[in-house]
Amino acid sequence: MKVSNPLTIIAIFAGIAETFATGALVMLPEPMQSQFIYFVMFFPVLIVVCFFLILVFKPQSLYAPSDFSNEEHFLDVNQLKTAVSKETEAVLRNAKENNQLTGDIKDLSQKVADMTLKNLANSRDQNVLEYLMKHPNNAFENRGLGFILNDHKKSILESLHRLESEGMLESSMDGGVKVWQAKT
């Protein structure tokens with residue numbers, strides 16, 4: 001079982017910490033037990049307070065990219081596309097001021113942001129293709145590949161369609177389910 005969601009990691013950590021703390025409590029000398037009991041009681045409260053602070057001020061950090069049906073939504077929520085555009089604009093503006101560049105900075109920064117999305121899709125396509133090439137005798141559906149590669153099934157499906165249109169994969173129907181495999 002792969003754990004990729006930050007919320008699950010926090011829950012696992014809190015559970016393990018409380019279990020070990022409770023187990024260690026009985027092994028401590030009696031004078032220290034009364035002090036340690038406060039830690040065991042207040043540690044989960046601290047975790048919950050921190051969780052709600054994160055939830056209020058930065059809720060997008062509690063989601064993994066695979067939790068989104070489309071990577072563009074992940075980039076938009078985390079304002080990564082905007083950050084890349086702003087940084088690109090600053091660099092290009094500086095270059096233009098030094099007479100090293102001419103043209104529309106906004107248009108170029110948008111192209112860079114779009115290239116970032118394209119690179120994300122290309123890396124997913126590469127991962128899908130590599131996995132299918134390693135298993136040439138097996139056919140996979142998008143849901144299964146999504147689980148194996150720890151990615152969303154819709155994103156995997158888009159990659160499979162792109163790779164099939166490029167002639168790298170072939171698809172067929174298996175019991176009413178569309179499956180893909182590497183071309184041999």
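When all heavy atoms of Glu164 and Glu170 are compared, the pair lying nearest together is OE2-C, 4.5 Å. Contact record, Ala21 with Phe36: O-CE2, 3.2 Å, taken as the closest heavy-atom pair. Considering all non-hydrogen atoms of both residues, Gln181 and Pro136 come closest at NE2-O, 3.5 Å. Nearest heavy atoms, Gly167 versus Lys183: O-CD, 3.3 Å. Glu18 and Val40 make their closest contact through OE1-O, 3.2 Å (heavy atoms, listed as atom of the first residue, atom of the second, distance). The shortest heavy-atom contact between Leu132 and Ala182 is O-CB, 3.7 Å.
One hydrophobic cluster, built from ILVMFWY side chains closer than 4.5 Å, cannot hold both Ile10 and Leu46; they sit in different ones. Linking Ile, Leu, Val, Met, Phe, Trp and Tyr residues whenever their side-chain heavy atoms come within less than 4.5 Å places Ile37 and Ile47 in a single cluster. Placement of Met168 and Leu157 within a single hydrophobic cluster is found when ILVMFWY residues are connected by side-chain heavy-atom separations under 4.5 Å, directly or transitively. By the criterion of side-chain heavy atoms lying less than 4.5 angstrom apart, applied directly or through intervening Ile, Leu, Val, Met, Phe, Trp or Tyr residues, Phe140 is grouped together with Met133 in one hydrophobic cluster. Val179 and Ile148 are not part of a single hydrophobic cluster, where members link through side-chain heavy atoms under 4.5 Å apart.
Residue Ile156 holds its CD1 atom at 13.5 Å from CZ of Arg143, rounded to the nearest 0.5 Å. Leu169 CG to His161 NE2: the interatomic distance, rounded to the nearest 0.5 Å, is 11.0 Å. Here the straight-line distance linking atom CG of Leu129 with atom CD of Glu166 works out to 9.0 Å at 0.5 Å rounding. Residue Ser171 holds its OG atom at 13.0 Å from CD of Glu141, rounded to the nearest 0.5 Å. Expressed to the nearest 0.5 Å, how far CG of Leu163 lies from CH2 of Trp180 amounts to 10.5 Å.
When hydrophobic side chains of Ile, Leu, Val, Met, Phe, Trp and Tyr are connected at separations under 4.5 Å, Met27 ends up clustered with Val26.
The ring-ring contact (aromatic ring centres under 6.0 Å, His included) pairs that include a residue from residues 9-33 number zero, where partners must be two or more places apart or lie in different chains.
Formation of a donor-acceptor pair under 3.5 Å by the Gln33 side chain with backbone atoms of Leu28 is found in this model.
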